[in-house]
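Reviewing the structure listed below.
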Protein chains: 2
Amino acid sequence: MSLKDVALHAGVSVKTVSNVVNDFPHVTEAMRARVQRSIDELGYRPNLTARHLRKGRTGIVALALPELGNPYFAELAAEIVDAAAAHDYTVLLDHTGGRREREILVSQGFRTRVIDGLILSPIELEAEDLEERAEQVPVVLLGEREYDLPYDHIAIDNVAAAREAVRHLLSLGRRNVAFLGARRGSSRPARLRLLGWRAALDEAGLVADDRLIAATDGWGYADGAAAMAGLLDAGHRPDAVFAYNDLIAIGAMRVLHERGLRIPEDVAVVGFDDVVEGRFSAVTLTSVSPDKAFIARQAVESVLSRLGGARHEARRIHAGHSLVCRESTLGRA
Amino acid sequence: MSLKDVALHAGVSVKTVSNVVNDFPHVTEAMRARVQRSIDELGYRPNLTARHLRKGRTGIVALALPELGNPYFAELAAEIVDAAAAHDYTVLLDHTGGRREREILVSQGFRTRVIDGLILSPIELEAEDLEERAEQVPVVLLGEREYDLPYDHIAIDNVAAAREAVRHLLSLGRRNVAFLGARRGSSRPARLRLLGWRAALDEAGLVADDRLIAATDGWGYADGAAAMAGLLDAGHRPDAVFAYNDLIAIGAMRVLHERGLRIPEDVAVVGFDDVVEGRFSAVTLTSVSPDKAFIARQAVESVLSRLGGARHEARRIHAGHSLVCRESTLGRA
DNA sequence: CCCGGGATTTCCATCGTTATACGCGGTCCG
DNA sequence: CGGACCGCGTATAACGATGGAAATCCCGGG
């Protein structure tokens, strides 16, 4: 069921059928109708693989995220799928687990040439890994990590957002604000949010107490719970917690609840990402809300705009954010 | 940078390079080494698009899920991506929003011929929609909906699972067990879990009270919250809730909490899916836990096994499940 | 009546890879 | 010593679609 079959059936040449399929201008109405009838009759559908081979484009962009299980990334993926669909593009999904080796694999194009572009949210990837990229498909980076590389990068202003979050806690009179979610072993991820945390404390004339920075292995509920338990077990009792993300925050809240500490009376909690989970926890979660739809749209547009080989300057695009205040800081209304 | 370039560089024919790349048996060591050196030197990577055109396979399976935002589907997607990777397959992701039109679109192969197979989790799709499928790529169905169609179908025994869940509630002495999450307007989804609910009540000699069945528009937190609020506002005060899924259950718990009802003392709650969220809510959630890894593995293997056009009988594959009891029914340990 | 010229349609090469058929030495056997 | 056979490589034709050149058609004008 190829162009050839249709051509045979309609008694015309292959190219004429192709012209009809592609809406070429110079085709008579009569001819168009005749070919179209054959197409309908045979139920012809173009073979995209062949088309892509010829055109050099596949209509597929890859999206590589650390963890689909994290609702922030799941929500973002959903938005990106929609944004890509608006441009007739499809999304090929991969998750890296935030592991450097997998991130390298993805960035080097292990799906060789079936994708037109890559949207990558790196965690442990280093700049040198990206420099080695032999692939020539355009890349767009998402997320907190910053690289001095000629790739577009889309993220919210993490420092500012973190600072606002901590300011909010300080404005409530809290003085011992813990930070949950610095990556254990590696100083790079979470760096910007930690900077924001420090900045807010500094400008309030407080000393940032490094013992209130709790490292985690990952960024899930369990990590947040473990980090919170670790802090409390070590005898530190912050009166507020700023978490790297909502999952960590919710995990921490669970532990606070178990230990009989009230939220926000004893400990106020702020998360990051504004995932839907935080709106339905027993104590709803105050959180930094990034403009996910904007990020998704920008990511897709940015990667597609580079397709033609357009070599415009690498851009750092800041998405908007806002602090959504809920019960975990304000208490029950 | 194609086979031709490598062939030129190595001074051999294109096919010989191809033979080396594909590990064909009859190539001398010397020749293999020589070609391999050229390959390495030029950094050649095969063009999968062309290979797929020739072979008729793309190495891609599509996965169509209702909502990535639902952690159950996100977790399942992650498992499927991994399971596919184990077979050197990649996953093309789509979400249907559970809307019939999008499900039809997906099932009719709008990604014409770039995919080798489709794993579909339908919500509103009807049997007739699938009968009209002109596409010849194999399909595997996931989830609760049942169709009398020649496609493999992988799901847990929803009736049995629901019955166990409700039995558990009854064993705790509860008598008024509400069901949250019957789809408003359509009787099909949730049918099996409702059957299980009824069966458990029947076998306990209780009368299923239809007023305790709460319909929802979707299956998110907000829907659960709305359904629970609706029941309470209508003056019904069940002493237990069995929810269609965990999100609905958590949304319901949030409302119970707002209304000052204690879980599980006043109202016990059981969910379905065992998503990680339920393990970190203030009151951890008792839930039916489907064997996601098995479902993912089976789905991938099933769809790939049909590739050769093997026309073996359509199978109904039951994945395992278990009831994980937590605080929302047993209370704080 | 024939020709120019624009509008249509056809022909051919091409994208990168793999399958098929064959050529070319050499070896083995009768 | 000649022919069948084997192992290794090469040439060539697909796969299905598209872009550009070439061929054809149709009309009015000279």
Side-chain angles (χ1 to χ4, degrees), chain A residues 1-36 38-39 42-60 88 109 111-116 135-137 307-309, chain B residues 1-36 38-39 42-60 88 109 111-116 135-137 307:
Chain A
M1 200 166 339
S2 65
L3 278 187
K4 193 163 70 180
D5 302 309
V6 178
L8 228 58
H9 183 272
V12 296
S13 85
V14 174
K15 185 65 207 293
T16 301
V17 182
S18 168
N19 285 340
V20 171
V21 172
N22 291 51
D23 271 334
F24 260 53
H26 301 301
V27 184
T28 52
E29 258 334 293
M31 179 58 87
R32 183 182 303 281
R34 175 164 141 217
V35 171
Q36 189 60 52
S38 287
I39 289 179
L42 296 177
Y44 166 81
R45 310 279 293 277
N47 179 325
L48 295 191
T49 306
R51 176 179 291 175
H52 295 333
L53 170 61
R54 188 67 237 265
K55 292 232 204 184
R57 298 267 175 85
T58 64
I60 299 177
D88 283 324
R111 306 297 183 214
T112 323
R113 302 207 224 174
V114 313
I115 62 167
D116 290 346
E135 287 302 306
Q136 61 289 66
V137 303
L307 283 192
Chain B
M1 201 167 336
S2 68
L3 280 187
K4 195 161 71 178
D5 302 308
V6 179
L8 229 57
H9 183 273
V12 296
S13 85
V14 174
K15 184 65 209 294
T16 300
V17 181
S18 169
N19 285 340
V20 171
V21 172
N22 291 54
D23 271 333
F24 262 53
H26 301 302
V27 184
T28 50
E29 256 336 294
M31 179 59 83
R32 182 181 303 280
R34 178 165 140 215
V35 171
Q36 189 59 52
S38 288
I39 290 179
L42 297 177
Y44 166 79
R45 311 279 294 275
N47 179 325
L48 296 190
T49 307
R51 175 178 293 173
H52 296 332
L53 169 61
R54 187 62 233 245
K55 291 233 204 183
R57 299 264 176 86
T58 65
I60 298 177
D88 282 323
R111 304 297 181 214
T112 325
R113 301 208 224 171
V114 314
I115 62 167
D116 290 345
E135 287 301 306
Q136 62 288 63
V137 303
L307 281 192

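Residue numbering restarts at 1 for every chain, and letters A, B, ... go by the order of the sequence lines. Keep in mind that the numbers below use all heavy atoms, side chains included, and drop hydrogens, waters and symmetry copies.
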query = Starting at NE2 of B:H52 and ending at C1' of C:dT18, how long is that distance when rounded to a whole Å?
reply = 13 Å
query = Please give, in whole Å, the distance from C:dG16 P to B:Y44 OH?
reply = 10 Å
inquiry  = Regarding D:dA14, can its base be found pairing with the side chain of B:R54 as donor and acceptor, where the two atoms are less than 3.5 Å apart?
reply    = yes
key: Closest nucleotide among C:dT9, D:dA17, D:dG7 to the A:N47 side chain   = D:dA17
note = Rounded to whole Å, the CG-P distance (A:L3 to C:dT10) equals 13 Å
ask   = Can you tell me if the side-chain N/O atoms of A:N19 get under 4.0 Å from OP1 or OP2 in C:dT8?
value = no
ask   = Atom CG of A:N22 to atom C1' of C:dT9: distance rounded to whole Å?
value = 15 Å
query = Picking from C:dA19, D:dG7, D:dT10, which would you name as closest to the side chain of B:T16?
reply = D:dT10
message = Within this structure, what is the CG-NZ distance for the pair A:L48 and A:K55, rounded to the nearest 0.5 Å?
response = 10.5 Å
query = At their closest point, which heavy atom of B:L42 faces which heavy atom of B:D5, and how far apart are they?
reply = CD1-O, 4.0 Å
ask   = Of all heavy-atom pairs between A:V21 and A:L3, which one has the smallest distance, and what is that distance?
value = CG2-CD2, 4.4 Å
request  = Confirm from the modelled atom types if A:K55 and D:dG19 form a donor-acceptor pair under 3.5 Å, side chain to base only.
outcome  = no
request  = May I have the distance from B:L8 (atom CG) to C:dG16 (atom C1'), rounded to whole angstrom?
outcome  = 15 Å
Residue closer to the 5' end of DNA chain D, B:L53 versus B:V17 (nearest nucleotide) = B:V17
task = May I ask you to verify if any side-chain N or O of B:S13 is less than 4.0 angstrom from the OP1 or OP2 atom of D:dA11?
result = no
remark   = Nearest heavy-atom contact between B:I115 and B:V137 is O-CG1, 3.5 Å
inquiry  = Please classify the nucleic acid contact of A:V21 as base, sugar-phosphate, or nothing, using heavy-atom distances under 4.0 Å.
reply    = nothing
message = What's A:T28 touching, base or sugar-phosphate or nothing? Going by heavy atoms closer than 4.0 Å.
response = sugar-phosphate
ask   = Separation of B:I39 atom CD1 from C:dG16 atom P, in whole Å?
value = 16 Å
Polar pair under 3.5 Å, donor/acceptor by atom type, side chain B:K4, base C:dG16 = no
key: Among D:dT18, C:dT9, C:dT18, the one nearest A:V14 by side-chain distance   = D:dT18
inquiry  = Without decimals, in angstroms, what is the distance between B:R51 CZ and D:dC15 C1'?
reply    = 15 Å
query = Between A:S18 and D:dT18, does any side-chain N or O lie under 4.0 Å from OP1 or OP2?
reply = yes
query = B:P25 or A:A50: which one's nearest nucleotide on DNA chain D is closer to the 5' end?
reply = B:P25
inquiry  = Contact between A:T49 and A:L53 at the side-chain level, heavy atoms closer than 4.5 Å - yes or no?
reply    = no
query = Going from OG on A:S38 to OH on A:Y44, what distance comes out if it is rounded to the nearest 0.5 angstrom?
reply = 12.5 Å
inquiry  = Counting only side-chain heavy atoms from C-beta out, which of D:dA11, D:dA17, C:dT10 sits nearest to B:K15?
reply    = D:dA11
Length of the CZ-C1' vector between A:R34 and C:dT8, whole Å = 13 Å
